[in-house]
Amino acid sequence: MEALLKKELSCSQVKLSGHSGGGCISQGQSYDTNLGRLYVKTNHKAEARKMFEGEMASLQAILQTGTVRVPKPMKVIEQPAGGALLVMEHMDFRSLSRHSAKLGEQLADLHLHNQRLRDQLTQEGGTVGKGSGQSGLQSVERFGFQIPTCCGFLPLENDWHEDWVTFYTRQRLQHQLNLLEESSGDREARELWSQLQLKIPQLFAGVEIVPSLLHGDLWGGNVAEIDTGPVIFDPASFYGHSEFELAIAGMFGGFGSSFYSAYHTKIPKGPGCDKRLKLYQLFHYLNHWNHFGGGYRGSSLSTMRSLLK
């Protein structure tokens, strides 16, 4: 590993440190180098390069907003024996506690960044001597992302769509149900989905949605803090509805009341958001079903039944 890192990063010194980590998808290890301390994620799956390229693009996109801190990514490297590595800045994480409210504020800023950019460009377009686009900035007007990302190890479909409801129905829910059909052909899931997809547009009646850059997998295991503030990591980013972000946050805990209060001070809850939150949680239940098996079948089906009431 040290020789590979020296070659790919043009390092003269690479030494294993005592810091390690990882989860159920990838493993990680820190190295002391002449470039500073780096964190290297490792995955041996055949599709690891695609997964890490999506994560790197996600980190870069969040980093460019200047809103919430993420580890700075450096490079995706193919392993000679198969799989890939993602090299990034090392950070000394600790559990999120005193910076919980700050995370809520900064996450809201991340979600508002594209809208604020669009408003700025609209204003500049009406300023004498400063035509549209002269600032060098560009807002995103569609839903999706420039490359596939992975929520877990399964790739997401991020093809651009003009309409959020179409994007979410087809690229998120239908995609997950297609995977389930291939693996298990669950009849009840198929029947519930045939009813639910007809009702989804009703949940968005009168709701205007501006594309927001999302972390995409914001559960308690993907947030932390350092001395200067909160950090988010392991993203599966795309441009979508800001409400989607809070779905998995509420499923597995790890976020206190100060986080939600700070977030909703900047982005208040909209009419019907509680039912839409269930719709967004449905994606995560289905995604967990596809990743980890039938233990998530009950939650998936009960959520679909609840949405049909």
Side-chain angles (χ1 to χ4, degrees), residues 50 54 57-58 61-62 110-115 117-119 121-122 138-152 154-182 186 189-218 235-249 251 267 269-290 300-301 303-309:
K50 185 176 184 179
S58 299
I62 297 171
L110 172 66
H111 293 166
L112 291 169
H113 182 267
N114 188 53
Q115 180 178 328
L117 184 56
R118 188 176 72 168
D119 293 345
L121 292 172
T122 300
Q138 187 174 0
S139 63
V140 174
E141 301 298 328
R142 295 181 294 168
F143 302 94
F145 202 58
Q146 61 264 32
I147 64 172
T149 51
C150 294
C151 191
L154 294 173
L156 302 174
E157 295 186 343
N158 287 330
D159 296 343
W160 295 102
H161 279 69
E162 303 288 339
D163 174 66
W164 167 248
V165 177
T166 302
F167 174 88
Y168 185 67
T169 303
R170 293 181 184 174
Q171 305 287 87
R172 291 296 179 262
L173 296 181
Q174 185 67 67
H175 177 60
Q176 291 294 323
L177 285 150
N178 288 346
L179 293 176
L180 282 173
E181 186 66 26
E182 292 172 9
D186 192 282
R190 190 187 314 126
E191 291 174 350
L192 288 168
W193 175 238
S194 68
Q195 302 171 57
L196 179 58
Q197 60 185 312
L198 301 176
K199 292 194 66 173
I200 289 175
Q202 300 171 24
L203 302 178
F204 295 89
V207 180
E208 181 185 0
I209 301 171
V210 176
S212 293
L213 179 62
L214 307 178
H215 174 283
D217 190 17
L218 197 79
S237 292
F238 64 99
Y239 284 87
H241 189 191
S242 58
E243 290 179 359
F244 175 87
E245 195 85 281
L246 300 184
I248 194 169
M251 288 166 61
I267 304 181
K269 288 185 176 183
C273 67
D274 290 339
K275 196 149 192 178
R276 288 191 296 273
L277 193 67
K278 286 186 179 179
L279 182 70
Y280 294 147
Q281 288 177 339
L282 176 59
F283 161 77
H284 292 290
Y285 284 129
L286 292 170
N287 189 45
H288 278 67
W289 186 356
N290 276 313
S300 301
L301 300 185
T303 302
M304 294 171 84
R305 292 190 205 100
S306 176
L307 286 163
L308 286 169
K309 291 179 181 177

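Bear in mind the structure is a predicted one, so any value in this text is a computation, not a measurement.
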Sub-4.5 Å side-chain heavy-atom contact between R118 and L121: no
N/O donor-acceptor pair under 3.5 Å between R276 side chain and L203 backbone: yes
Heavy-atom neighbours of K269 NZ exceed 12 at 6.0 Å: no
Flag side-chain contact, heavy atom, 4.5 Å: L156 against F283: yes
Flag side-chain contact, heavy atom, 4.5 Å: K50 against P148: yes
Nearest heavy atoms of K309 and K199, plus distance in Å: O-NZ, 3.8 Å
Backbone of H241 reached by a side-chain donor or acceptor of S212 within 3.5 Å: no
Partner residues of F145 under the ring-ring contact (aromatic ring centres under 6.0 Å, His included) criterion, sequence neighbours left out: none
Main-chain N/O of C151 paired to D217 side chain as donor or acceptor, under 3.5 Å: no
K278 side chain vs L307 backbone, donor-acceptor pair below 3.5 Å: no
Euclidean distance, W160 CH2 relative to Q146 CD, rounded to 0.5 Å: 6.0 Å
Under 3.5 Å side-chain donor-acceptor pair for Q174 and N178: yes
Check: Q171 main-chain N/O paired with H175 side-chain donor or acceptor under 3.5 Å: no
Flag, side chain of E181 to backbone of D186, donor-acceptor distance under 3.5 Å: no
Within-4.5 Å side-chain heavy-atom neighbours: W289 and Q176: no
Gap between atom CD1 of I62 and atom CG of L213 - 0.5 Å precision: 5.5 Å
L279 and E243: CA distance, side-chain angles, deciding distance, side chain to side chain contact (heavy atoms under 4.5 Å, CB included) verdict: CA-CA 10 Å; L279 182 70; E243 290 179 359; over 6 Å; no
Any donor-acceptor N/O pair, N114 side chain to V210 backbone, under 3.5 Å: no
Within-4.5 Å side-chain heavy-atom neighbours: W193 and L286: no
Pairwise distance SG(C273) to CG(L246) - rounded to 0.5 angstrom: 9.0 Å
Reported CD1-to-CG distance for the pair I248 and L218, which is rounded to 0.5 angstrom: 8.5 Å
Any side-chain heavy-atom pair of Y239 and R142 under 4.5 Å: no
Residues L214, F238; criterion side chain to side chain contact (heavy atoms under 4.5 Å, CB included); working and verdict: CA-CA 6 Å; L214 307 178; F238 64 99; 3.7 Å; yes
Nearest-0.5 Å distance, CD1 of residue I267 to CD of residue Q115: 8.0 Å
R172 and N158: CA distance, side-chain angles, deciding distance, side chain to side chain contact (heavy atoms under 4.5 Å, CB included) verdict: CA-CA 9 Å; R172 291 296 179 262; N158 287 330; 2.6 Å; yes
Derivation of the side chain to side chain contact (heavy atoms under 4.5 Å, CB included) call for L192 and R305: CA-CA 7 Å; L192 288 168; R305 292 190 205 100; 4.0 Å; yes
Validation row: M304, L282 side chains within 4.5 angstrom (heavy atoms): yes
Check: F244 ring centroid to H111 ring centroid under 6.0 Å: no
Between Y280 and Y168, ring centroids under 6.0 Å: yes
